[in-house]
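Below: the structure, in structure tokens.
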Amino acid sequence: MTCKEIMETIEAAYPVKYALDWDNVGLLAGRDDKDVKCIYIALDATDETVDAAIREQADMLVTHHPLIFGGLKRIHNRDFVGRRLLRLIGNDISYYAMHTNYDVCRMGRLAGEKMGFLNPRVLEVTCEEEKEMGIGEIADLPSEMTLEEFSQAVKGAFRLEHVRVFGEPGKKVSRVAVCPGSGKSAIRPAIAKGADVLVTGDIGHHEGIDCVAQGLAVIDAGHYGVEHIFIGNVKEFLSEKLDGIRIVAEPVSNPFHIV
């Protein structure tokens, strides 16, 4: 099966038209006519990821975050992005990113499923066709719990050792918003839709205390902490759709450690 045929399979489920305007998705490097026998899936195209894809003799690398966001004027080995692109192209690995199109079509709903959401709604609507679609989800929990109890539930749902919590541990929460990845832009819609707590990542000191002042608790589970679910979900999707192709998922491992 060629890279182009695999791209068509991916884009039938996650059309690139749903990507946000600032994003950069699709085939970012390599050949669409490449014959693919092995696909490596990761969240980011780091040096370690590129090394692993080469070791696995992958023909195609699929990541969530694009390695290339803005325009490139040069590609050479003196720049970390250039080095990675040179290694991918030099090893004839086609590189594909599925970012906010995946977020809109699947990520929020998947995160909600992990947390047991019932009757979820889109948190931040980015398009309306037959139904509302967008970033994140909001839903009512089956039963009210304290912020401390829910924080522990989030840790279990995403297999995390720790989360950062803004808000009183005893605060009662029943309406929950989730925005995998960087969630600063989700604060306003979460408050507008009456969420008691927002689960997301990349929340700074000022955003956190300002949320609490407006009645919104925040569980910062980390950008990677929530979005790593992409890896296993896309492996499952491709394994179901593609016959005779080896699918390798990068092991889940936070890109930092706490000392």
Side-chain angles (χ1 to χ4, degrees), residues 1-16 18-19 23-69 75 77 80-111 113-114 157-160 180-181 223-255:
M1 181 173 284
T2 65
C3 172
K4 181 179 179 180
E5 291 171 323
I6 293 168
M7 288 165 52
E8 291 170 350
T9 298
I10 292 173
E11 291 169 12
Y14 308 105
V16 296
Y18 292 128
D23 203 5
N24 188 30
V25 301
L27 183 65
L28 302 189
R31 299 189 290 118
D32 68 353
D33 61 351
K34 167 75 176 179
D35 187 35
V36 176
K37 295 182 173 61
C38 176
I39 300 173
Y40 193 86
I41 303 169
L43 200 70
D44 298 279
T46 64
D47 290 324
E48 293 79 9
T49 296
V50 173
D51 288 343
I54 293 170
R55 282 197 308 271
E56 292 289 345
Q57 298 183 317
D59 303 295
M60 187 172 180
L61 170 64
V62 175
T63 68
H64 183 50
H65 298 132
L67 177 60
I68 305 170
F69 264 113
I75 299 176
N77 66 342
F80 74 95
V81 173
R83 283 197 303 270
R84 294 172 192 173
L85 290 171
L86 287 171
R87 296 201 70 211
L88 288 168
I89 294 169
N91 285 276
D92 200 14
I93 298 174
S94 297
Y95 170 50
Y96 187 91
M98 43 194 298
H99 191 210
T100 52
N101 55 324
Y102 178 85
D103 288 339
V104 168
C105 294
R106 185 66 177 123
M107 183 73 87
R109 189 168 74 254
L110 179 62
E113 290 168 1
K114 297 283 185 184
F158 297 104
R159 296 177 292 160
L160 303 174
H223 196 129
Y224 185 93
V226 180
E227 283 197 330
H228 71 74
I229 58 178
F230 164 90
I231 301 171
N233 181 251
V234 172
K235 178 182 180 181
E236 181 181 357
F237 167 77
L238 292 178
S239 296
E240 290 175 354
K241 296 291 184 179
L242 307 177
D243 291 327
I245 294 180
R246 187 164 65 96
I247 313 292
V248 181
E250 183 169 77
V252 174
S253 176
N254 258 312

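Below, each value reflects all heavy atoms present in this structure, side chains not excepted, and no hydrogens, waters or symmetry copies.
Taking the side chain as every heavy atom from C-beta outward, S94 and V36 never approach each other to under 4.5 Å. Counting heavy atoms from C-beta on, the side chains of I6 and V62 never come closer than 4.5 Å. Using a 4.5 Å heavy-atom threshold, the side chains of Y102 and V234 count as touching. Between L43 and H64 there is a side-chain heavy-atom pair separated by less than 4.5 Å. Counting heavy atoms from C-beta outward, D59 and Y40 have side chains that stay 4.5 Å or more apart. Contact of the R106 side chain with the M98 side chain is not registered, since no non-hydrogen atoms from C-beta on lie closer than 4.5 Å. A 4.5 Å side-chain heavy-atom check between Y224 and V252 finds at least one atom pair inside the cut-off. No side-chain heavy atom of K114 sits under 4.5 Å from any side-chain heavy atom of R159.
For A19 against V25, the heavy-atom pair with the smallest separation is CB-CG2, 3.9 Å. The two residues A42 and T49 come nearest to each other via the heavy atoms CB-CG2, 3.6 Å. Residue D23 comes nearest to F69 through the heavy atom pair OD1-CE2, 3.5 Å, listed as atom of the first residue, atom of the second, then distance. Of all the heavy atoms in I247 and S239, the pair that sits closest is CG1-OG, 3.7 Å. Heavy atoms only, all atoms of each residue included: A249 and I231 are closest at CB-CG2, 3.7 Å. Of all heavy-atom pairs between T2 and D33, the closest is CG2-O, 4.2 Å.
Taken to the nearest 0.5 Å, the CD atom of E11 stands 3.5 Å off from the OH atom of Y96. From E236, atom CD reaches atom CG of L110 across 9.0 Å, with rounding to the nearest 0.5 Å. Atom CD of E5 and atom CG of D32 lie 10.5 Å apart (nearest 0.5 Å). Rounded to the nearest 0.5 Å, atoms CE (M107) and CG (N233) are 8.5 Å apart. One finds the CD1 atom of I41 at 5.0 Å from the CG atom of L238 (value rounded to the nearest 0.5 Å). Here the NE2-CZ distance, from H99 to F230, works out to 9.5 Å after rounding to the nearest 0.5 Å.
One N or O on the side chain of R246 and one on the backbone of E56 form a donor-acceptor pair closer than 3.5 Å. Of the possible polar contacts, none joining the T100 side chain to the D103 backbone as a donor-acceptor pair under 3.5 Å is found. Using a distance-only test at 3.5 Å, with no hydrogens or angles considered, no donor-acceptor pair links the side chain of T63 to the main chain of A45. A donor-acceptor contact shorter than 3.5 Å is absent between the side chain of D44 and the backbone of H65.
Residue E8 places its CD atom among more than 12 non-hydrogen atoms of other residues, nucleotides or ligands, all under 6.0 Å distant. The local environment of NZ in K4 is sparse, with at most 12 non-hydrogen atoms from other residues, nucleotides or ligands closer than 6.0 Å.
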Could you go through the side-chain contact (heavy atoms from CB on, under 4.5 Å) check for I75 and I89 one step at a time? CA-CA 11 Å; I75 299 176; I89 294 169; 5.9 Å; no
Determine whether C38 and Q57 satisfy the following criterion, side-chain contact (heavy atoms from CB on, under 4.5 Å), listing intermediate values before the conclusion. CA-CA 7 Å; C38 176; Q57 298 183 317; 6.0 Å; no
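When K37, R31, R87 are each tested for a salt bridge (charged side-chain N to carboxylate O under 4.0 Å, His left out) with D92, only one passes: R31.
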